[in-house]
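Structure first, commentary second.
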Amino acid sequence: MAPPAQSQRSQSPSQPSGKSEVSDLKLQLRQLAGSRAPGVDDSKRELFKKVISYMTIGIDVSSLFGEMVMCSATSDIVLKKMCYLYVGNYAKVNPDLALLTINFLQRDCHDQDPMIRGLALRSLCSLRVANLVEYLVGPLGSGLKDSNSYVRMVAVIGVLKLYHISASTCVDADFPSTLKHLMLNDSDTQVVANCLSALQEIWSAEASTSEEASREREALISKLVIYYLLNRIKEFSEWAQCLVLELVTKYVPSESSEIFDIMNLLEDRLQHANGAVVLATVKVFLQLTLSMTDVHQQVYERIKAPLLTLVSSGSPEQSYAVLSHLHLLVMRAPYVFSSDYKHFYCQYNEPSYVKRLKLEMLTAVANESNTYEIVTELCEYAANVDIPIARESIRAVGKIALQQYDVNAIVDRLLQFLEMEKDYVTAEALVLVKDLLRKYPQWSHDCIAVVGNISSKNVQEPKAKAALIWMLGEYSQDMQDAPYILESLVENWDEEHSAEVRLHLLTAVMKCFFKRPPETQSALGAALAAGVADFHQDVHDRALFYYRILRYNVSVAERVVNPPKQAVSVFADTQSSEIKDRIFDEFNSLSVLYQKPSYMFTDKEHRGPLEFADEIGNLSIGEATDNVVSSQRVEENDKDLLLTTAEKEETRAGHSQQASFGIDDLLGLGMPAVPNVPSPPQLKLNTKAALDPSTFQQKWRQLPIALSQELLLSPQAVAALTAPQALLRHMQSHSIHCIASGGQSPNFKFFFFAQKYEESSNYLVECIINTSSGKAQVKIKAEDQSTSQAFSTLFESALSKFGTP
Amino acid sequence: MPPLMGIEFLCRVSDVLSDYLGGLNEDVIKDNFVIVYELLDEMIDNGFPLTTEPNILREMIAPPNIVSKVLSVVTGNSSNVSDTLPGATGSCIPWRAADPKYANNEVYVDLVEEMDAVINRDGALVKCEVYGEVRVNSHLSGLPDLTLSFANPSILDDVRFHPCVRFRPWESHQILSFVPPDGEFKLMSYRVKKLKSTPIYVKPQLSSDAGKCRVNVLVGIRNDHGKTIDSITLQFQLPPCILSADLTSNTGTVNILGNKTCSWSIGRIPKDKTPSLSGTLVLESELERLHVFPTFRVGFKIMGVALSGLQIDKLDLKTAPSRLYKGFRALTRAGEFEVRS
């Protein structure tokens, strides 16, 4: 809907009523309605413009309905159009008023000017008022027989609109068969195309109830109709061509000569300037030849060039859409594209979503002949400024290595990565070297020599650290220092936050022990002791298991922990081939872009909780660091934040709450999970507090700020706060629940709430944490003002415990 | 719905709107909301894209230009909608309005090429291709039937055509045969890959130690096409770990923008010296050496030559009017031209 012009907005500040202006307009319109003076159309136009701009900013101008209709008796098309817009907008909410307009719209349907006839018919059908359908049938019937194609075109869409208002009226008037007749006989291709889309929609909807309709739907993809449409395809507009081509993909030719006829006919569509037409044609080609293997291969060759051209022309959005389709094809037939690998090289300023796709394709097309070039190119990206892409490209190098072409050169490259002295490069490379060694144990010598030089202090990321520790354990006989490195790692057990790393450390020490017992014995003892005392359940269990099996029989333990290993030949593929085929069947649809078959994102049960919206988080952070923002804007942003995150938080809060309650009940505790809170005993919080986001939002707006303070965070808390979720869980254990959170390091923003025990008095908290300065800005609002200080102390003590094990 | 159909349609809508309104932003749309509404009404109905061909739309809804404003003042008739429906909706040539008349019959053909290249730090050409367009601006009376042929069509790797181009003559003889729309349009686009050389070279040298990085970049002409290379620019992003930069050049100007983008505009290369940029970058205190090296993006423009080597052979009009003026131009620009260091 068109927003108003700037000047008019300034005249009417956003007050909702604007009553005086409306009555003013009413008077002026009434004066003009009867006037036949020259230039009256111009003044009417100005007035109409004003009315519509009021309408779009939400002022109710429906009281002008009568005057507007009176004024619309004119030959000026622009006036008519504005009037139709006005009528269309108010008819839905005011069926009584809509009845008034029927008359003049019906009159316009018989106007001399085909443009007016068409417009009136379009507006008439767009009223969408159920009890007026009887007035639609007549004008639609004559519209379908109109001598002008413009009117017919509008009437066809009108039939579809009628069908959606009242299916029975539409079918009773026998419109579908009229449309069918028009589709096969009309001279104007746009009319034909509109008939086709209308019939497809109507018959698909009817097919479930009527056998005849489903037969008619089948008839649309009969040889007769398909050939009729294909023979005229060049006359259709580009959009209609897409429609026809989509229909052709459903057609099953009876013999192979037909397939070639169709492909010959459509070949030049691949050269069309409109990418949508090209892609639709590609789909036809692929679907038609599915059963003919060698022709299918030729089709790949044929469609390659047009698709590659599409990628390099047009906006990033267009190229992403095309690239996603190419990605699918590359995955199905990498060898076809192996000589075109240079097209998948990344350009410096491409958006990273395009780069990521290209990296995947480069990985897929690598073979004996091009691996060297591709890996060289990928190594360039490893030095890229864009760190996620750099990581991604190192992973790509690793994947290519696992495809076993020219492993020798790649291993050298990976080892070079390790020497680049960049933390993230080292981290990624370590993980890859580990995978590589699992597949090619014969390279262990070269790798271990380099890996041995890496100081474990420089490796911080859990995955990389785990990989390094795995190698220390696995190849401890080749690495001189292995036991001692492991020993120093065990000594720093408490500083290791990741349970994954601790698990690996346990196993590595065990392996090392079996290879070099005298050097490792003390480390093993320390590791088992630390492991058994570990608060993480898995670590604790594994340590206990190792301890017991060692006590039971050392040689059995060795067989369990350190069996001879077979090299891994194939790493599991993440997506099943069935799903890939499913996606291929849905070529040229969103399924390809999402890399999921459609049922996964259209069916309700497959739709996961909403992904956390990063940009929302950033948005609120921008505002958080900016202290002088008007309170209204803060509130607006808060609203956004709440609305988008609410759904996810609700579900998550629900789950974790249930889980923790389960344990509480199991242990027979009716108390909050952490009993030693040094808080004033008079304030107890309800562990099962519940509040829905909209109520939160409402209360947040109503309540005054009871307390506002700045708290200092301990260094442990700062270290633990890598993602908002960590704090959420912690606060939850203190009966302070999170309703929304956002942000990325170093800025986080949280909204918490808590409820007084056995009372429904709520506390609301906004907490903005900056981890680089280690400060938290806390604003507390309370329904019961007298206890706000007590709650604040509680909140502070809960926050201060964050990060301490 | 096919995703590309949606994206293409939106692109088309924005093209049409900016064509009508001479730009596209919030204010322009607010000021012309009636026209925007009228256009959208014709372009899409009930979710189906209808007419998006600018020539037809222009017949249905007159653009808000000065001429129509003047006309409305003179005649007092301000309707910006033509009285008759366009004939073309029913004709087989949807892109051409019915029978325009011109006193001077003119047709201009422009070859506009963009060179995309990636060059490695050792000067090796990683990838080099040209994306080109043939743009035609025709003002011809009646229904002109044009044929355009190239001297060397075999170098084209892939082509895409405006709907007006007939496919068969191209397939058999590589001749473009078409009835042009009125005014300016893109007749075809093409791609030429595997080019062997670039018109200019850029040699960056970066050496880094002791918390500093010395930069030296040379730019020069590689192959003399006989045409001057204009508006040469060089842009690169300084790595985030750089504290300060001191860069000077012997030709042109060097600017370091707020977002750590350094841009060096050279313009034309002088005859007597090779443009060079040199200076030092100071790294953050704890860094010894620079690990991330910038990528240089190069811009240039060459008038009068299509670097792909594509040449137009001839342009014929089947029913030649008495006076026909034909004009040809060529232009090559840098597209994504990158030099790594």
Side-chain angles (χ1 to χ4, degrees), chain A residues 2-6 38-39 42 49 76-78 81-82 85 114-115 122 148-150 157 160-161 188 190 194 197 235 237-239 242 246 268 271-276 279-280 305-306 308-309 312-313 315 317-318 321-322 342 345 347-349 377 380 383 385 420-422 588-590 593, chain B residues 1-5 7-9 11 27 29-31 33-34 36-38 41 45-46 48-53 60 76 78-81 83 85 89-90 92 94 116 118 120 126-127 129 131 157-163 167 171 186 189 191 237 239-240 291-295 297 336 338 340:
Chain A
Q6 199 66 55
D42 278 349
K49 246 183 172 169
D76 186 299
I77 291 197
V78 178
K81 281 187 179 175
M82 286 199 271
L85 177 66
M115 192 94 180
R122 184 183 295 165
N148 191 294
S149 60
Y150 183 81
I157 295 292
L160 185 59
K161 288 177 186 164
D188 185 279
Q190 191 62 56
N194 285 0
S197 48
E235 302 163 28
S237 78
E238 46 206 315
W239 314 113
C242 296
E246 190 62 41
D268 55 340
Q271 245 92 41
H272 201 283
N274 187 324
L279 218 55
L308 291 173
T309 310
S312 49
S313 55
S315 62
E317 292 83 8
Q318 274 161 304
V322 180
K342 282 193 178 171
Y345 281 4
Q347 301 272 328
Y348 176 75
N349 46 3
E377 180 72 12
E380 293 288 339
V385 193
M420 269 173 76
E421 294 176 31
K422 266 196 269 186
N588 198 17
S589 75
L590 283 175
L593 267 66
Chain B
M1 194 192 67
L4 212 54
M5 191 164 158
I7 296 172
E8 288 271 358
F9 179 74
C11 290
D27 289 339
I29 292 185
K30 274 183 185 165
D31 291 346
F33 72 90
V34 175
V36 173
Y37 159 66
E38 284 182 70
D41 210 25
D45 188 12
N46 204 31
F48 300 115
L50 298 174
T51 319
T52 50
E53 204 54 59
M60 289 203 254
S78 67
S79 164
N80 59 352
V81 171
D83 295 334
L85 265 185
T89 37
C92 303
D116 296 343
V118 178
N120 252 349
V126 176
K127 169 185 165 181
E129 61 173 33
Y131 172 80
D157 266 316
D158 184 50
V159 285
R160 289 212 283 157
F161 299 120
H162 187 272
F167 187 63
E171 203 181 20
K186 188 166 88 182
S189 58
R191 214 154 41 83
Q237 187 83 36
H291 292 295
V292 183
F293 293 111
T295 300
R297 277 167 292 148
E336 297 285 332
E338 295 175 3
R340 290 173 181 156

Tell me, for [X] versus chain A, whether the close heavy atoms (under 4.5 Å) come from the side chain, the backbone, both or neither.
X	value
B/Phe161	both
B/Asp41	both
B/Glu338	side chain

Can you see which heavy atom on [X] is nearest to which on [Y], and at what distance?
X	Y	value
B/Leu4	A/Ala321	CD1-CB, 3.5 Å
A/Ala276	B/Met5	CB-CA, 3.5 Å
B/Leu50	A/Gln190	CD2-NE2, 3.5 Å
B/Cys11	A/Gln318	SG-OE1, 3.9 Å
A/Glu246	B/Pro2	OE1-CG, 4.3 Å

For chain B, which candidate among A/Ala280, A/Ser197, A/Ser237 shows the most heavy-atom pairs at distances under 4.5 Å?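 With the most close heavy-atom pairs to chain B, the winner is A/Ser197.
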For chain A, the option from B/Glu336, B/Arg160, B/Lys127, B/Arg297 that forms the most heavy-atom pairs under 4.5 Å: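 The residue among B/Glu336, B/Arg160, B/Lys127, B/Arg297 with the greatest pair count is B/Arg160.
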Check: A/Leu279 and B/Pro3 side chains under 4.5 Å, non-hydrogen atoms: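 Contact flag for B/Pro3/A/Leu279 side chains = no.
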For the residue pair A/Tyr345 and B/Val118, establish whether any side-chain heavy-atom pair is separated by less than 4.5 Å.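 Not in contact.
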Distance in Å, B/Tyr37 OH paired with A/Lys81 NZ, rounded so as to fall on 0.5 Å steps: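 It is 7.5 Å, given to the nearest 0.5 Å.
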Could you walk me through whether A/Asp268 and B/Glu171 pass the side-chain contact (heavy atoms from CB on, under 4.5 Å) check? CA-CA 9 Å; A/Asp268 55 340; B/Glu171 203 181 20; over 6 Å; no
Donor-acceptor contact present, side-chain A/Gln271 to main-chain B/Val159, <3.5 Å: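 Yes.
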When you measure from the side chain of A/Arg122 to the backbone N and O of B/Asp45, does any donor-acceptor pair fall under 3.5 Å?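 No, A/Arg122 side chain to B/Asp45 backbone: no donor-acceptor pair under 3.5 Å.
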What about the rings of B/Phe48 and A/Trp239, do their centers lie closer together than 6.0 Å?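 Ring centres of A/Trp239 and B/Phe48 not closer than 6.0 Å.
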Of the backbone (N, CA, C, O) and the side chain (C-beta and beyond), which part of A/Leu590 lies under 4.5 Å from a heavy atom of chain B, both, or neither?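 Both the backbone and the side chain of A/Leu590 come within 4.5 Å of chain B.
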